[in-house]
Structures are given as structure tokens and as C-alpha cells.
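Here's the structure, in C-alpha cells; my notes come after.
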There are 2 protein chains.
Amino acid sequence: MRSYGQECALAKALDSVGERWTLLIVRELMIRDGCRYTDLRQGLPGIPTNLLADRLEAMEEAGLVLKEAAPPPVATHLFRLTPRGRELEPVIAALGRWGAPLLQANPGKDTFCDHWVALPLRLYVHDRAPQEPAVTLALHAGQEQILLGTVGDGSVRVQSGRTAQPDARIVGNPYQILRLLTGKLKLQDARTQGLRYEGDAKLLRRFGAA
Amino acid sequence: MRSYGQECALAKALDSVGERWTLLIVRELMIRDGCRYTDLRQGLPGIPTNLLADRLEAMEEAGLVLKEAAPPPVATHLFRLTPRGRELEPVIAALGRWGAPLLQANPGKDTFCDHWVALPLRLYVHDRAPQEPAVTLALHAGQEQILLGTVGDGSVRVQSGRTAQPDARIVGNPYQILRLLTGKLKLQDARTQGLRYEGDAKLLRRFGAA
DNA sequence: CGGCATCCTCTTTGATACTG
DNA sequence: CAGTATCAAAGAGGATGCCG
């Protein structure tokens, strides 16, 4: 990106990450660190392949991304965020919070990827009783199953995959689930909107907005 | 801006404010709300005038900016942030924090405007003893004089202008002043770097990082 | 002067095709 | 799979013109 040429921290930040697609690439790597090129393309519907390549190179030069050879079984290399890249989390979190109200006006025209829901869960949901025993929820927001677990420090761990026995299971659309877990939607109301909840409703009290 | 077409809060936010110059325009309006077109141009060195006009129109349509007829004495209209626009403050703050380290590598090639320093002061400095009587510092970071005052709620008020009797006076470059007031630089060290401080050094204890 | 609109050139983007 | 290459269209940047 052309520099703004302004001696201002905001302008410098935008010189670095203000280009089109860059912060969305950071989002992808924040959701699942250690991505192949193809994984990134799938998580970034609409990106032209040449731009993805350009951006990754620029981000590597800027010290945001690391391209490393994958361990033996894999025949390719993986992209990771550097610590400096991970420091963009507050930026992503702030932008996401601000952008959330814009999602309402969406008549399903936009594309959606299941795994995207993991990021707001990680950023905005926390465990309100870290001392109590760990809890695991299985979330079904789309095709993929996402696991949400409590962690000792009050934050939650989010991963996709399957587990034998979650403590509860939630099936619904991403926003319902997110609003339910941040306490903005009551279980009763969510149920009338079609969300399914299996398990002890008290478990929900463990979760709240961060 | 072309939409990313992704059902994701971050992507939606970037659809709205991700275009080149947009967040810098927000910065200007955050520093001094109620700007004329010309004020904006001065605060945004390098912006092509047609782009400024384009962006302002788009931002008005997006509900970020309000263009209002100025009260009688002024023969023009003023641009203001809407409440929704002002909600971008956490975004600007996060980006600014992230970008701050990039300012070091600057050999004075970039342009600088005095009033820019007001924003980090407001965002990152706070009053550590709100109950105590108000205090006013006169800051000279460039040509312009900037006043920094404490406010009852722990935040500080920043304005440019002159006052009869500040409680102390600081002359230095913007980063020195900012680092001094956020407690990252000691007065002693700042002085050896050329900063001038007139007044009671204890006053500095009132200020810290937010 | 303040507040744009126009015109032109150059760069970036997006879509698609192609290659090791 | 992981990119490069190509090319048309959109956007950015700069200069200048216009109008109250």
C-alpha cells in the first residue's frame, strides 16, 4: 500500500494493515493458525488468488506472517501469525464489535463460513466461574461442529472437531448462539426462534460477555 | 467500497470504513468535531480533493458523518461525526496503539500536524486522582499550544488554544510529551532529551496511561 | 476564498486461465 | 496444491476549472 506519509500512529497502522483483504487474512489466521494457502482461499471467499499471494508476501515482509515448512507428513508449508500479527487482536475485536450491527441488514446474500463464528466466541465470550470444573459445549452453527470449552483463566477455548460427550449441545444459527452465550438472548426466546438446546440450562450461566 | 460479500462482522465493518482515507477522516473529526471542508484538507495532507468529497458523501450516506449548516456568523457548513461515527473510537484507539511502534522508524520524512497529538492524549492519558482539584497543563508540541486539563470522571480534556495560567507548561516533541504523560518516560530522562518542564513536577503524578 | 466537479494518468483490483 | 500470468475494469492521485 502506498504510504499516507503522515507522522501519526493511526496512519502508520493503516499503511501496514489498511490495504484491502489484509485484515481479513489476519482474521483467518487468528481463527486457525497454521493454514495452507488453500485453507486461506476457502476462508476468504471472493479473494483473487493473485491478491492473496501478493498480500501474504507483503505481510511476511511486514513481519505479520510467517511462512514455514510444514512438518514431514504434510507436503506444503503453512502460514502463521507472528506475535506482532497476533497483537492485532484488539483491532479485530474492536472492528468486529462495531460491525456487528451491520449484520442484521443481511438478506442472506453474503457468503458464510462456519468456522468464522469461532472468532467472536473467543473474543466476546468468557467464563464467569473459572474456579468451577471445566465445561464443554458442542455448537452446531452450520455443517461443522464447534467445541467451546472453559479455561482456567476466564477465557474460553474454541475449536472445531467432535467430542464424545459435551456437557450440552446447541443447534442454531451463529447469531443466536453468539447472543445466547453473551447473555443478550434468553434461552426461552432463543428456543422460540428455533434454537435447540440439549443439556442442563444452568450451564449457560457459566458464559457471559467479555 | 466494493463489498466483501461476507457474512462476518469484521468484513461488514471493513465494507463501511475500510476504504482508503476513511478512518483518517474519522480521526480528524474525532480531534476537532465540526470541521469545515478546508480544515479537513489541512488535517489530511496528501488527500486529493475529489477523494475527500467522495468519502464525505459516502460517510454521510453510511450514517457516520453529518453535514450541517453552520450557525449564522459562518458562511459555510460543518462536518460532524454522528454518534455511530463516534463509536469508532475503540477502533481508532486500538489501531493507534498497534501503530505506535511504527513511528520510531521515521526519519522525519512524513508530514506532521500539531493537532494530531491531541488524540492520543485523549485516548491514552487519564487522570489518576479525579477527586482532587482540576489541573491544566499547557503543552507545546509544535507551533500550536495545546491545553490538557483533568476532568471529574478520570479522563482528560484536550483542546488547542491559550490560557492565562496553566499549572505547568511542557515544551517538547509530541512523543516525549505523550510518553511523559503516560508514565513511560521519566521527567529526568525527558529533560536530558531536551524537553522543558516549568512548574511543580508533582503535577505529573496526576497523569497516567488509560 | 470555500467547496467541490472534471479530466486525465497511473495503479490496484477482480476474473479467469495457465503452470510446476 | 500452490501459486503465476494476463487483461479489462474500477479506483487513486494530481492538476485544473468552475461557481457562489
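Residue numbering restarts at 1 for every chain, and letters A, B, ... go by the order of the sequence lines.
Between the CD atom of Gln42(A) and the C1' atom of dC1(D) there is a distance of 11 Å, given to the nearest Å. Going from atom CG of Asp39(A) over to atom C1' of dA2(D) covers 12 Å, rounded to whole Å. What separates CG of Leu40(A) from C1' of dG3(D) is a distance of 13 Å, to the nearest Å. Between the P atom of dT6(D) and the CG atom of Leu51(A) lies a distance of 17 Å, rounded to the nearest Å. Taking atom CE of residue Met1(A) and atom C1' of nucleotide dC10(C), one finds them 16 Å apart after rounding to whole Å. When the P atom of dG3(D) is taken as reference, atom CG of Leu78(A) falls 11 Å away, rounded to whole Å. One can place CG of Leu44(B) at 12 Å from P of dG13(D), the figure rounded to the nearest angstrom. The separation between Leu52(B) atom CG and dG11(D) atom C1' is 16 Å, rounded to whole Å.
Salt bridge present: Asp39(A) and Arg36(A) bring a charged side-chain N and a carboxylate O closer than 4.0 Å.
One N or O on the side chain of Arg122(A) and one on the backbone of Met30(A) form a donor-acceptor pair closer than 3.5 Å. Proximity of a side-chain donor or acceptor of Trp98(B) to a complementary backbone N or O of Ala9(A) within less than 3.5 Å is not detected. Remark: side-chain polar atoms of Tyr124(B) are paired, donor with acceptor, to backbone N or O of Arg97(B) under 3.5 angstrom. For Tyr4(A) (side chain) and Trp21(B) (main-chain N/O), a donor-acceptor pair under 3.5 Å exists by modelled atom type.
By the 4.5 Å heavy-atom criterion applied to side chains, Leu203(A) and Phe207(A) are not counted as neighbours.
Closest heavy-atom contact between Ala168(A) and Gly199(A): CB-CA, 4.2 Å. Contact record, Asp33(B) with Arg80(B): OD1-CA, 3.4 Å, taken as the closest heavy-atom pair. When all heavy atoms are compared, the tightest approach of Val156(A) to Leu121(A) is CG2-O, 3.7 Å.
Listed pair His77(A) / dG3(D) meets the phosphate criterion, a side-chain N or O lying under 4.0 Å from OP1 or OP2. Distances shorter than 4.0 Å separate some side-chain N or O of Arg2(A) from OP1 or OP2 on dG13(D). Look at Arg20(A) and you'll find a side-chain N or O under 4.0 angstrom from OP1 or OP2 of dG14(C). For dT13(C), the OP1/OP2 oxygens have no side-chain nitrogen or oxygen of Trp21(A) closer than 4.0 Å.
For the contact set between residues 53-67 of chain A and DNA chain D, defined by any heavy atom under 4.0 Å, the members are Ala53(A), Lys67(A).
Looking at the side chain of Phe79(B), the nearest of the listed nucleotides dC4(C), dG2(C), dT13(C) is dC4(C). The listed nucleotides are dG2(C), dA15(C), dC4(C); the one nearest the side chain of Arg36(B) is dG2(C).
Looking at Gln193(B) and Arg179(B), their side chains never bring a donor and an acceptor atom within 3.5 Å of each other.
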Enumerate all atom pairs, one protein N or O and one N or O from nucleotides 15-19 of chain D, separated by less than 3.5 Å.
none

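The residue among Thr38(A) and Tyr4(A) whose nearest nucleotide of DNA chain D is located toward the 5' end is Thr38(A).
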